[in-house]
Amino acid sequence: MGELGRSYRFNDEMKWYELWQREGLFRPEVNPEGEPYCIVIPPPNVTGSLHMGHALNATLQDILIRWKRMQGFRALWLPGTDHAGIATQNVVERELGREGLDRYTLGRKEFLRRVWRWKEEYGERIINQLKRLGASCDWSRQRFTLDEGLSRAVREVFVKLFEDGLIYRDLRLINWCPRCHTALSDLEVEHEELEGRLTFIRYPLSGDEGGYVVVATTRPESMLGDAAVAVHPEDGRYKDLVGKMVKLPLTRREIPIIADEGVDPQFGTGAVKVTPAHDFNDEAIARRQTPKLPFISVIDDDGKMTDAAGKNYAGLDRYECRRKVLEDLKELGLIEKEQRHLHSVGHCYRCKTIIEPLSTVQWYVDVKGLAEEAVKAVRDGRIGLIPEGWKKSYFAWMENIKDWCISRQIWWGHQIPVWYCPYCKTEEGQHQGDLIHVTLYRPLNAGGDEVRGGTYTELRLRGLAPEDIVNNAKTVKVEMTVKPICSREDPGECPFCGSKELIRDNDVLDTWFSSALWPFSTLGWPDDTDDLKTYYPTSVLVTAFDILFFWVARMIMMGLRFMDDIPFHDVYIHAIVRDATGQKMSKSKGNVIDPLLMIDRFGADAFRFALTAFAAQGRDIRFSEERVEGYKNFINKLWNAAKFILTNTEGVVPASTHETSWRDDLDIPGRWILSRLSKTAERINTALGEYRFNDAANAIYQFIWHEFCDWYIELSKPIIYDQGRSGADTGADPAVKESRGLKAATLRCLLHTLDGSLRLLHPFMPFVTEEIWQALPHTDRSIMISPFPHPEESDADAEEKMSYIMEAISGIRSIRGELNMAPSLELTAQIKPNNPGIGEVLKGNALYISRLARTKKLEVDTAVRKGKGVATSVRDHLEVYVPLEGLLDVDSELRRLRKDLQKIEDSITALDRKLLNEEFLRKAPKEVVEKEKLKYNEFTLKKERILESIDKLQELKGEDDGRKKEGS
RNA sequence: GGGCGGAUAGCUCAGUUGGGAGAGCGCAGCCCUUACAAGGCUGAGGUCACAGGUUCGAUCCCUGUUCCGCCUACCA
């Protein structure tokens, strides 16, 4: 047993974390016999630092894990980080940029060394921040998506899907980020409404001097790549023009006017320019046409115009080019008009650069079949989404899912396990080496000549060694017809021609590809490990909705495919944390609140509790510091309660869970608080079982502050102090003896309830609970492995009787408060119980009433004779009178009573309406009618009593007034 | 364009099988009562967005309207 300082110092939180870690308490092996319970953490980016979303996410998982661990489960919270391909690469490239370098000057190998170095240096930052939060992850099992094991999993999955024909290459338009220099999946594109300009441009008709067609566009620069002008086939205005040609301004090309169903005659002029290589819509039109329209790429990887754009524009940035095109068109008098136009524009989710659709060869996963299975798993309830509302979006997305573009033109990540042989021939008989196009990041010397790129065959013929080519390649574009060699092991030679010279695919996989395997790759798959057998499928996944599609859906698909089982039973989808005004937090808005700052200022416990208490299902959290502060006060309250109990229970033998005989000596308040404690445990269990975190948090808050502190501790004081005074007694008096038993029992009850409260609170506030608990008599090493309180049968009798006591006390307090009487003023009070049974309870507990309500004299009798000058409080089971000779402020008491009367009359009127309604009597359930009748009787009784009091007062007032008149 | 969610006390929000409207903060009054003024006690404050409907009875179920968010989509 220890002593507690004056106030809780949360700065020492980490000493407990160190203890937990030292003792290995985060490992599931602390409960070797327990049923497995497992959560895999949504791996944060290695580049990341803890933000509010992480903090909430981790707090909720920690609550579940600590709760289950205390319940004896073999609870595993498996942590790790994600290599975050694009984000991490960006960070390191920026770093290089400051040194005047870029990744190409370093070359792939050296660049990757740099990234790993960066990762070793900074990659643990977010992990350490999670520790500050108190996250009880099993760090001995920590994983990283680029670990050897996880990489093997990725490779296995890729090869298997390739073999099954579910991974393929294709040439089509993709979302390209010119800044990150890579393809992106549809999900990685954020659409934002922007105000742009709709420009109406005249395209002169060929062979019809003066005739023209007007097209409207938001991207004038793309006209350089136009392949046609399209109109709706039914559009009368243009019917005659279909099949004719127009002269494409600023170029020497002529392009046809074609008909396509996809054109909206209502929009713009009804005629649209078609740029197949730079617009998804136009791509579709181009593919529908016979003959197919040509794809003319006028914008390159960097967002600059290509040679195909014409010599006036080649090399210009796409937006510079736009300005120049507009200028040039204006000069030619071909701009009819411009208007403002609101449209949504795709941005790179990593760097916010505007996406450029480019026609490239990429790798795709055919997800249709996988998605079907994943839909089934949710539809038939094998996986639960909580709150359920998300199912709808899940289904909607899954049912319209498009193939997943998984290749990225970056270096940090899992390189695609595919090789190409430059010496084999394609089915059409071409040399594959001629179809592999390499651009070098710097000119290489080849026999005296400077070489900047070319086909692989050319480069080899000019004398460059294979290593030189690969190591200096900026881009390697492999045409569609080249045969891929996909292999689990790096192939030493071509399986077809035996050539030892193979070129590996330059691209890496989307980071989400490896994240999709997380629930089983982290447990050891593809090996058949004990962990995998024990913990898969995992219990629950806790995450925010913004990665429902990115991650959750894909994990379900991959889990079902490769483990033949769901990856988790439940998915709990929590809120987004916003700022106090409801804005999403973002760096650009400058409204980000740093969780670590909150932890520094208020402690991790208060911060966690604030997040939890507001984590209601289906609603976003508006975060504000005040709330955290409020929970810091709660900690203070708890601390002081503990201090009080500890100083008063010195020497009290620890109340072991088995030894319960002391309970027999308890009186009503003691039995009541135990019953409430048990009820609270039950409420928390139910709430957490349903992922109703806010309910659970509020239940324990309510119990500790408003039941334990406000009532029980106050009620214990008369026992502790009064009996303490007579403690020196000989003990001959049986009443004293008995009360000694009561005192001992009360002290134990205080300790027991404090201990139980701490355990119930521990999952939410791990640090302060540990600190207090360590000061309590205890046997376990830590509260975090002590048993979570089991709900017992509730003590209805004690709860009922306690309500009488509470009514009596608050009745008296109410009169005191309402009539503005000083708390120090000791009153005389009379209580008239509704029946003798209630009276017995009140008499037996008179000590509590008089102490808490501060009375010097207390009379309890069903036949109490109400004096003339009394204040009255009418409660459900009793009436309270406080005679106020001389003190009575008759008018304010009358006002008070009339207010009560009004309330009760309103209720009675409402009930009247109901009970006089025959249909209600006939149709409503009997219990309800009975209840309403009972209420009616109760209320009328109450009303009569209040009326009686009013009468009495009015009588008195009459006399008073009379006296005053006489006196004057 | 399609879909989803929200509108309850001054503020932020709970309210799960439709049966007398709750919390926290804030506010007002009285109190430094020997755990805690980071506190105690008492209290004020709500036609549960609006309009219909179902029902004996609606904050809750249905329809519509208004306002506010979010997701999604190939409106050039």
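Sequence lines set the chain letters: A, B, ... in the order given, protein chains first and strands last, and positions in each chain run from 1.
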Do the side-chain N or O atoms of [X] get closer than 4.0 angstrom to the phosphate oxygens (OP1, OP2) of [N]?
X: Lys914(A); N: rG57(B); result: no
X: Lys637(A); N: rG40(B); result: yes
X: Thr275(A); N: rA76(B); result: no
X: His341(A); N: rA76(B); result: yes
X: His343(A); N: rC74(B); result: no
X: Tyr721(A); N: rA35(B); result: yes

*Summarise how protein sits on nucleotides 7-15 of chain B as a single string, 5' to 3': B when a protein heavy atom is under 4.0 Å from the base, S for sugar-phosphate-only contact, - for no contact.*
S----SSSS
Whom does [N] pair with, Watson-Crick or G-U wobble, provided both distances fall under 3.5 Å?
N: rG57(B); answer: none
N: rC67(B); answer: rG6(B)
N: rA44(B); answer: none

*Starting from P on rG57(B), measure out to CZ on Arg922(A) and report it in whole angstrom.*
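Going from CZ in Arg922(A) over to P in rG57(B) covers 12 Å.
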*To the nearest Å, give me how far apart CZ (Arg6(A)) and P (rA37(B)) are.*
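Whole-Å distance recorded here is 7 Å.
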*Choosing from rC71(B), rA35(B), rC25(B), which nucleotide comes nearest the side chain of Phe545(A)?*
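Nearest to the side-chain atoms of Phe545(A), counting from C-beta on, is rC71(B).
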*asked:* Per the side-chain hydrogen bond (donor to acceptor under 3.5 Å, both in side chains) rule, what does the pair list look like for residues 261-274 of chain A, sequence neighbours excluded?
replied: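 Passing the test, one end in residues 261-274 of chain A: Ser222(A)-Lys273(A), Asp226(A)-Lys273(A), Lys273(A)-Thr275(A).
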*Between the side-chain atoms of Glu714(A) and the base atoms of rA35(B), is any donor-acceptor pair under 3.5 Å?*
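When only heavy-atom distances are counted, Glu714(A) does reach the base of rA35(B) through a donor-acceptor pair under 3.5 Å.
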*So what does His278(A) hit on the nucleic acid, given a heavy-atom distance under 4.0 Å: a base, only sugar-phosphate, or nothing?*
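Since no nucleic acid heavy atom lies under 4.0 Å of His278(A), the category is nothing.
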*Touch class at under 4.0 angstrom, heavy-atom based, for Asn917(A) against every strand present*: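 The residue Asn917(A) makes sugar-phosphate contact but no base contact.
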*Taking the six-membered ring for Trp and the single ring otherwise, decide whether the centroids of Tyr572(A) and Tyr691(A) are under 6.0 Å apart.*
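When the ring centroids of Tyr572(A) and Tyr691(A) are compared, they turn out to be within the sub-6.0 Å range.
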